[in-house]
Visitor: 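This is the structure I want to talk about, given as structure tokens.
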Amino acid sequence: MLNRNIIIAVLCAVLAGCNHSANVMPISARESMVQVDVPPICGPGGAQKMAVDSAAIATIERGFDKFLPLDFAGRTVQVGMWKHDSPIGTKTHIPFRRHQFTMKVKMFDHGDKDSDNAVDARRHLGPNWRDIVKSGASC
């Protein structure tokens with residue numbers, strides 16, 4: 001019997017669904033909307049991680065230090081069904097799903113009003129934050 005991760009990896013390759021995307025759209029001087037779409041192997045948690053990392057990157061790129069999520073939503077979208085006929089005649093139907101996450105964030109400089117509750121973008125990304133800003137977020 002094949003390992004579940006191998007099956008998922010094969011599904012990604014067969015269905016060309018291993019790509020991921022992150023879009024950040026400024027909606028005001030201090031606010032942005034972050035939208036991510038990730039393959040099944042990332043899962044819903046991977047979509048959330050990528051959205052938060054993308055918010056941190058956008059915060060740094062726009063010249064701010066901290067960000068605060070104001071609103072967020074996630075969903076799983078079924079984009080197809082993989083059908084497998086086994087050698088012994090049983091049929092398996094495996095749903096192929098993508099995970100999406102949307103988050104509105106407000107950005108702050110250190111010392112701004114309400115910045116005490118915000119996430120420090122560089123600290124969130126860790127010691128290699130410069131490399132992550134260059135390469136982009138991933139799940």
Side-chain angles (χ1 to χ4, degrees):
M1 181 170 202
L2 289 175
N3 179 313
R4 181 176 181 262
N5 289 336
I6 293 172
I7 292 171
I8 290 172
V10 169
L11 279 173
C12 280
V14 169
L15 298 173
C18 285
N19 60 331
H20 62 275
S21 66
N23 297 307
V24 179
M25 181 177 67
I27 55 177
S28 75
R30 290 184 174 263
E31 293 178 339
S32 287
M33 186 67 69
V34 177
Q35 298 175 315
V36 300
D37 181 80
V38 300
I41 200 161
C42 293
Q48 290 174 343
K49 177 197 176 302
M50 189 170 169
V52 174
D53 290 355
S54 295
I57 291 167
T59 299
I60 294 166
E61 288 178 338
R62 292 190 62 198
F64 294 99
D65 301 306
K66 295 181 166 191
F67 67 97
L68 183 65
L70 300 176
D71 191 17
F72 51 88
R75 70 183 188 151
T76 299
V77 180
Q78 184 167 323
V79 294
M81 186 72 74
W82 183 63
K83 297 175 185 171
H84 172 69
D85 295 328
S86 77
I88 59 170
T90 59
K91 295 181 187 268
T92 305
H93 296 242
I94 302 170
F96 182 71
R97 299 181 174 106
R98 294 192 61 83
H99 305 284
Q100 300 170 339
F101 198 81
T102 302
M103 181 171 56
K104 180 180 175 184
V105 296
K106 186 169 184 177
M107 300 172 201
F108 300 91
D109 289 318
H110 289 292
D112 284 348
K113 181 182 177 200
D114 297 327
S115 70
D116 291 344
N117 295 321
V119 177
D120 185 290
R122 289 167 186 83
R123 188 172 300 144
H124 169 75
L125 294 174
N128 297 328
W129 66 267
R130 286 180 183 86
D131 296 332
I132 296 169
V133 169
K134 286 179 188 173
S135 65
S138 66
C139 62

Visitor: Are Gln100 and Gln35 side-chain neighbours, meaning at least one heavy-atom pair lies under 4.5 Å?
Guide: no
Visitor: Could you check if a side-chain atom of His20 sits within less than 4.5 angstrom of a side-chain atom of Cys42, using non-hydrogen atoms only?
Guide: no
Visitor: Suppose clustering is done on Ile, Leu, Val, Met, Phe, Trp and Tyr with side-chain heavy atoms closer than 4.5 Å. Which residues sit in the same group as Leu68?
Guide: Leu70, Phe108
Visitor: Work out which heavy atom in Met50 is nearest to a heavy atom in Ala22; give both atom names and the distance.
Guide: CE-CB, 3.7 Å
Visitor: Going from NZ on Lys66 to CE on Met107, what distance comes out if it is rounded to the nearest 0.5 angstrom?
Guide: 15.0 Å
Visitor: Of the non-hydrogen atoms in Pro69 and Val105, which two are nearest, and what is the gap between them?
Guide: CA-CG1, 4.0 Å
Visitor: Tell me every residue that passes salt bridge (Lys or Arg N to Asp or Glu O under 4.0 Å) with Arg122, counting only those two or more places apart in sequence or in another chain.
Guide: Asp65
Visitor: Measuring from atom CZ of Arg130 to atom OG of Ser135, what distance do you get when rounded to the nearest 0.5 angstrom?
Guide: 14.0 Å
Visitor: Who else is in the cluster with Leu125 when I, L, V, M, F, W and Y are joined by side-chain contacts under 4.5 Å?
Guide: Ile57, Ile60, Trp129, Ile132, Val133
Visitor: Rounded at 0.5 Å granularity, tell me how far CZ in Phe64 sits from OG in Ser32.
Guide: 8.5 Å
Visitor: Quick check for you: to the nearest 0.5 Å, what is the distance between Asp71 atom CG and Met103 atom CE?
Guide: 10.5 Å
Visitor: Has the side chain of Arg75 got a donor or acceptor atom that lies under 3.5 Å from a matching backbone atom of Thr102?
Guide: no
Visitor: I need the minimum non-hydrogen distance between Asp53 and Ser138, along with the two atoms involved.
Guide: OD2-O, 4.3 Å
Visitor: Would Asp114 and Lys106 pass as an ion pair if we require N to O under 4.0 Å?
Guide: no
Visitor: What's the shortest heavy-atom distance between Val38 and Ala47, and which atoms?
Guide: CG2-CB, 3.8 Å
Visitor: Which heavy atom in Arg123 sits nearest to a heavy atom in Asp120, and how many Å separate them?
Guide: N-OD1, 2.9 Å
Visitor: Might you point out which heavy atoms bring Ala29 and Arg62 nearest each other, and give the distance in Å?
Guide: O-NH2, 2.9 Å
Visitor: Parallel, tilted or perpendicular for Phe67 and His124, by the 30°/60° rule?
Guide: perpendicular
Visitor: Any sub-3.5 Å donor-acceptor pair from Ser115's side-chain atoms to Ala118's backbone N or O?
Guide: no
Visitor: Is there a chain of hydrophobic side chains (I, L, V, M, F, W, Y, each step under 4.5 Å between heavy atoms) that links Met33 to Val24?
Guide: no
Visitor: Checking Asn23 against Met25 for the side chain to side chain contact (heavy atoms under 4.5 Å, CB included) test, could you report, in this order, the C-alpha distance in whole Å, the side-chain angles of both residues, the deciding distance, and whether it holds?
Guide: CA-CA 6 Å; Asn23 297 307; Met25 181 177 67; over 6 Å; no
